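So the structure is just underneath, and the comments pick up after that.
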Amino acid sequence: MATSSTSAATPAGDTILVIGAGGQLGLELTQELRRLYGASHVVAADVRAPQDAETAQAGPFELLDVLDKSRLADVMRRYRPTQVYHLAALLSATAEQNPKLGWQLNMDGLFHVLDASVDLGVRQVYWPSSIAVFGPDTPRQHTPQLTTMNPNTVYGISKLAGEQWGEWYFRKHGLDVRSLRYPGLIGYKSLPGGGTTDYAVDIYHKAVAGENFECFLQEDTYLPMMYMPDALKATLDLMHAPAANITVRSSYNLGAMSFSPAEITASIRRHYPDFQVTYQPDHRQQIADSWPASIDDRQARQDWNWQPEFTLDTMTDDMLLHLKETVVLK
């Protein structure tokens, strides 16, 4: 797997806390951080206990609901992390079904982490944003770093507000908050988690299982996407970059590839020629239509040398290889 090209730079004795370590991004990011810095230096925290014994025994774990402010403070006081990766959130499609919970988790959780980090002297906080911060009036092609932003989903509204709060805590408290606007993330180690772009994860699972796939987006819907190894690389490269290089304190645009359901289907059919896909657009189509089709990420490339490694076909080859191995192991 291609991961961060930056070698581990955490000083001896530092501790990293990953909140939301059981999610799609959190699972793989925790594994990579432990590989780089050593398991004992990376504390995984999630609202649910790890599902398998290997993950549970891989390093320190804390059961944590980020909305429980006193519990969060207790965990942070005990471990004294110098870096916090706050990944816990309700994703786009799920948050639309539970709007008040989506706002509460996405915003109050962020405030709890930022306040505790200021109080306890945390050196760096990483918080992920999303292409959901853009809206129907945003230019859809090569969406700029600075542009019209009027999100029309609970998830997007909370992410845009979170970007501004991260920048405010940097200005007012000197807290080194860093963030990326992720496109849709695709990985083989976890199942879809309630996002609008999650069709691009599920479709690979269906292909390997020999099942047909019903897509909830139209076949010509283009969205920015990224393979998980590139997402991990971008996250760690950003966190390892010198503070002087970071010119964006809201959240960086991040791009890799853009494709439609029809194009990912064609890529999969290079391996599974008989794979069948039908299209039944649902409420998520409206969300997708309000998001960018491609991203202008020149600022990230300029500030900390961001460069993706995977294309659609190389991602497909790697995804199917690993998913077939999983099926064989089962």
Side-chain angles (χ1 to χ4, degrees), residues 14-27 29-30 33 40-50 55-56 59-92 94-130 132-133 151 153-180 182 193-194 235 239 249-251:
D14 274 18
T15 299
I16 300 169
L17 174 64
V18 183
I19 302 170
Q24 182 191 25
L25 175 63
L27 179 67
L29 183 58
T30 300
L33 287 167
S40 64
H41 289 273
V42 180
V43 181
D46 201 272
V47 71
R48 298 181 183 85
T55 301
F61 175 84
E62 292 288 336
L63 203 60
L64 175 64
D65 180 349
V66 75
L67 294 179
D68 186 340
K69 190 173 184 177
S70 61
R71 169 68 176 157
L72 172 66
D74 175 66
V75 169
M76 292 181 65
R77 277 194 298 265
R78 282 192 287 117
Y79 288 99
R80 291 286 174 173
T82 51
Q83 295 181 46
V84 176
Y85 290 76
H86 172 42
L87 312 177
L90 211 61
L91 300 183
S92 57
T94 307
E96 286 303 291
Q97 304 303 313
N98 302 277
K100 291 184 179 179
L101 175 60
W103 178 259
Q104 181 185 26
L105 176 59
N106 294 356
M107 294 309 304
D108 288 352
L110 176 60
F111 280 128
H112 293 171
V113 170
L114 294 175
D115 287 338
S117 296
V118 170
D119 292 344
L120 297 173
V122 171
R123 189 175 70 245
Q124 283 184 302
V125 173
Y126 179 78
W127 175 82
S129 189
S130 163
V133 298
T153 64
V154 173
Y155 182 64
I157 293 166
S158 67
K159 286 296 184 183
L160 180 55
E163 288 187 8
Q164 299 303 305
W165 278 112
E167 187 170 16
W168 188 88
Y169 272 75
F170 170 72
R171 292 198 318 267
K172 298 296 183 179
H173 297 288
L175 183 61
D176 188 356
V177 183
R178 305 188 184 192
S179 179
L180 296 170
Y182 288 121
T235 304
M239 289 295 278
R249 285 294 178 172
S250 52
S251 192

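Since the structure is predicted, the reported quantities are computational estimates derived from the model, not experimental observations.
Ring geometry, W165 versus W168: the interplanar angle exceeds 60°, so the pair is classed perpendicular (tilted spans 30 to 60°).
M76 has its side chain out of reach of D119: every pair of non-hydrogen atoms, C-beta onward, lies at least 4.5 Å apart. Side chains of D14 and R123 form a contact here, defined as non-hydrogen atoms less than 4.5 Å apart. Contact check for W127 versus L110: side-chain heavy atoms found under the 4.5 Å cut-off. Looking only at side-chain heavy atoms (C-beta outward), L114 and H173 stay at 4.5 Å or farther from each other. Looking at heavy atoms from C-beta onward, Y169 lies out of side-chain contact with S117 at the 4.5 angstrom threshold. No side-chain heavy atom of T30 sits less than 4.5 Å from a side-chain heavy atom of Y85. Side-chain contact between V154 and L90 is absent, with no heavy atoms from C-beta onward closer than 4.5 Å.
For K159 (side chain) and P128 (main-chain N/O), a donor-acceptor pair under 3.5 Å exists by modelled atom type. Put simply, the side chain of R249 gets close to the backbone of V177: a donor and an acceptor are under 3.5 Å apart. Side chain of D46 to backbone of G22: a donor-acceptor contact under 3.5 angstrom is found.
The distance from atom CZ of R77 to atom CG of L72, rounded to the nearest 0.5 Å, is 9.5 Å. Distance check: I16 CD1 to Q124 CD gives 9.0 Å after rounding to the nearest 0.5 Å. How far CG of D115 is from NZ of K69: 5.0 Å, rounded to the nearest 0.5 Å.
A search for salt bridge (Lys or Arg N to Asp or Glu O under 4.0 Å) contacts involving D65 returns nothing, not counting sequence neighbours. For L180, the side-chain contact (heavy atoms from CB on, under 4.5 Å) criterion is met by Y126, Y182, A234, T235, L238, Y252, L254, W304, not counting sequence neighbours.
A 6.0 Å sphere centred on CZ of R48 holds no more than 12 heavy atoms belonging to other residues, nucleotides or ligands.
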